[in-house]
Amino acid sequence: MSETIFFYIFAVISVGMVLLMIFQTNPIVSALYLVFGFFGVAGLYVLLSAPFVAVLQVLVYAGAIMVLFLFVLMLLNLRKEDLVYDRLNWRKIGVGGVAILFLGFLAHHFTRIQIQPFFDLPENFGTPEGVGRLLFTTYLIPFELVSILLLVAIIGAVVLGKRQ
Amino acid sequence: MISSYVPILVLFVFAGLFAGAFLGISALLGPKKKSHAGDSIYECGPAPVGGARERFSVKFFLVAILFILFDIEVVFLFPWAILFRQFVNEGMGLFVFVEMAVFLVILVLGYIFVWRKRALDWR
């Protein structure tokens, strides 16, 4: 099955790139690995029959949100001597242990999930047409509320960023 | 269904191959002459003043945030533009048009706020 092969390729890209992102000391390099991670996730969205979400993942996350991350990093302006690994101490080992425990719980539950048999999706599922048709009819109110959310975000950004 | 994405995948693979191939070829075949003048920092003629790692102004950040917010607005316009003719044929044209008009008016209010606050002025 080609889809299974592609799933594993994109899964390895996503997880691998995000791991590389975590283990970088230079935050700018981390951010660039995150872009590759976003592309991997976009590939997974395509395999999940959600091409519109996949395109948005690339346009909005890999494009716009990434610019925001880079500007934050440049705003912080970390120098080379700031970029060192912290010493390992008992608190970090404890936090790491809890994270691994949580991962174990997740893995335990995922192996027990009954996987639904595949069913045929509607013709235009996940395409811009399919998403738009739902968005402009069934989910009209949430769609209009999004504009208010964006308005609040615009006002918030201007008020916080444009102080005299 | 999935097979219709193969051209996009081929495009990505070729883009990566071309970029990698040209970088690799120039690294392999290009001359590698080390000279003092060649390694010095070039800044349009004048001698460079200080390091390039300056702290960036928050103004860049504000522009980036506003860009993202209006980018997301356009994301919603995109399926609307594709579907509008279909909706008109189904007799829902006016309804869908008013729906998008309300959406845009609310965001234009935000744009007017940005304009009046001179948030995009570079001062």
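Both backbone and side-chain heavy atoms feed into the values below; hydrogens, waters and symmetry mates do not. Letters A, B, ... are given to chains in the order of the sequence lines, protein chains preceding strands, and every chain is numbered from 1.
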Shortest non-hydrogen contact from Val67(A) toward Ala64(B): CG1-CB, 4.2 Å
Residue part contacting chain A, namely of Leu83(B), when any heavy atom lies under 4.5 Å: side chain
Tyr61(A) atom OH, over 12 foreign heavy atoms within 6.0 Å: no
Cluster link Leu94(B) to Phe84(B), ILVMFWY, side chain under 4.5 Å: yes
Closest-packed option against chain B by number of heavy-atom pairs under 4.5 Å, given Leu140(A), Val60(A), Leu135(A), Leu145(A): Leu140(A)
Heavy-atom side-chain contact between Phe87(B) and Thr137(A) under 4.5 Å: yes
Minimum-distance pair of heavy atoms, taken over all atoms of Glu99(B) and Glu144(A): O-OE2, 2.7 Å
Same apolar cluster (I L V M F W Y, side chains within < 4.5 Å links), Val12(A)/Phe6(A): no
Value rounded to 0.5 Å, distance of CG in Leu151(A) from CG in Leu107(B): 7.0 Å
Leu9(B) portion near chain A, given a 4.5 angstrom heavy-atom threshold: side chain
Contact class of Ile106(B) relative to chain A, heavy atoms under 4.5 angstrom: both
Cluster overlap Leu149(A) with Val74(B), hydrophobic side-chain contacts below 4.5 Å: no
Chain B interface, residue from Gly130(A), Ala157(A), Gly63(A) that has the most non-hydrogen pairs under 4.5 Å: Ala157(A)
Linked, directly or transitively: Ile5(A) and Phe7(A) (ILVMFWY side chains, under 4.5 Å): yes
Leu59(A) versus Asp71(B), closest heavy-atom pair with distance: O-OD2, 4.2 Å
ILVMFWY clustering at 4.5 Å (side-chain atoms), partners of Leu23(B): none
Side chain proximity check, Phe71(A) to Ile65(B), heavy atoms < 4.5 angstrom: no
4.5 Å side-chain heavy-atom contact, Pro128(A) and Ile82(B): yes
Heavy-atom side-chain contact between Ile154(A) and Phe70(B) under 4.5 Å: yes
Pairs flagged by salt bridge (Lys or Arg N to Asp or Glu O under 4.0 Å) wherever residues 75-96 of chain B is involved - sequence neighbours left out: Arg133(A)-Glu90(B)
Ring geometry between Phe143(A) and Phe76(B) (parallel below 30°, tilted from 30 to 60°, perpendicular above 60°): tilted
Chain A contact via Phe60(B) - side chain, backbone, both or neither, heavy atoms under 4.5 Å: both
Side chain to side chain contact (heavy atoms under 4.5 Å, CB included) between Glu73(B) and Val146(A), worked out: CA-CA 9 Å; Glu73(B) 173 204 340; Val146(A) 164; over 6 Å; no
Path from Leu68(A) to Leu32(A) over hydrophobic side-chain contacts below 4.5 Å: no
Inter-residue atom distance Ile65(A).CD1 - Ile68(B).CD1, 0.5 Å rounding: 5.0 Å
Distance in Å, Phe103(B) CZ paired with Phe136(A) CZ, rounded so as to fall on 0.5 Å steps: 8.0 Å
Contacting moiety of Phe113(B), where chain A heavy atoms sit under 4.5 Å: side chain
Top contributor to chain B contacts, counting heavy-atom pairs under 4.5 Å, from Gly132(A), Ser147(A), Ala64(A): Ser147(A)
Contacting moiety of Leu56(A), where chain B heavy atoms sit under 4.5 Å: side chain
Under 4.5 Å side-chain linkage, directly or through intermediates, the cluster mates of Leu134(A): Tyr139(A)
Residues of residues 33-43 of chain A within contact distance of chain B, non-hydrogen under 4.5 Å: Phe39(A)
Rounded distance [0.5 Å steps], CD1 in Ile155(A) versus CG in Leu109(B): 8.0 Å
Under 4.5 Å from any heavy atom of chain B - which part of Val158(A): both
